[in-house]
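A short write-up of the structure that comes next.
Keep in mind the model is a prediction, meaning the values are calculated, not measured.
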Amino acid sequence: SRHNDLTMVSIHDPIEATLPPPGFYRVSDGQAEFNIQTHSKQLRKSYHQRFINHMDQLKKICLQNHIHLMNFSTEDDIVSKLQQELMVIK
């Protein structure tokens, strides 16, 4: 019988996890521009919780399906983080 290992790689930008400090920001997706205000503690908390919930869901899916999850931030040193993650798999 053949055996294959499956690995899921999740890459996120830190701003996906936590809003920037309280303030008024102009953001763009390259086509449209919009403004966000990050003064509300409730908004900041729910934004972060949404990210945590998303990551928990990924972890749950991977666990249920015997998939190794590698979680990277765009701020990580990819080479050293990948080496660390690959050592865990072995």
I67 backbone acceptor or donor facing N65 side chain under 3.5 Å: no

Value rounded to 0.5 Å, distance of CE in M55 from CD in E16: 9.5 Å

Any donor-acceptor N or O pair under 3.5 Å, side chains Q49, N53: yes

Check: D5 and H68 side chains under 4.5 Å, non-hydrogen atoms: no

Minimum heavy-atom distance between I78 and F72, given as atom pair plus value: CD1-CD2, 4.0 Å

H39-F24 aromatic ring centre distance below 6.0 Å: no

Minimum side-chain heavy-atom gap L86-M70 below 4.5 Å: yes

Gap separating the CG atom of N35 from the OG atom of S28, nearest 0.5 angstrom: 11.0 Å

Side chain H48, main chain T18, donor-acceptor under 3.5 Å: no

Spacing of OG1 belonging to T7 relative to CD belonging to E85, to within rounding of 0.5 Å: 9.0 Å

Pairwise distance CG(L19) to CD(Q37) - rounded to 0.5 angstrom: 12.0 Å

Minimum side-chain heavy-atom gap H66-L6 below 4.5 Å: no

Contact check, side chains of Y25 and P20, non-hydrogen atoms, under 4.5 Å: yes

Shortest non-hydrogen separation from N71 to D76 and the atoms involved: O-OD2, 4.3 Å

hydrophobic_cluster_shared for I11 and L58, side chain cutoff 4.5 Å: no

Stepwise side chain to side chain contact (heavy atoms under 4.5 Å, CB included) check, F51 with H12: CA-CA 10 Å; F51 177 78; H12 71 275; 3.7 Å; yes

Any side-chain heavy-atom pair of I61 and L63 under 4.5 Å: no

K81 NZ: over 12 foreign heavy atoms closer than 6.0 Å: yes

Sub-4.5 Å side-chain heavy-atom contact between D56 and K60: no

Contact check, side chains of L69 and S10, non-hydrogen atoms, under 4.5 Å: yes

Nearest-0.5 Å distance, NZ of residue K59 to CD of residue Q64: 14.5 Å

Value rounded to 0.5 Å, distance of CG in D77 from CD in Q84: 9.5 Å

Heavy-atom pair of closest approach, residues T38 and R44: O-CD, 3.1 Å

L43 to S46 - nearest heavy-atom pair and separation: O-OG, 3.2 Å

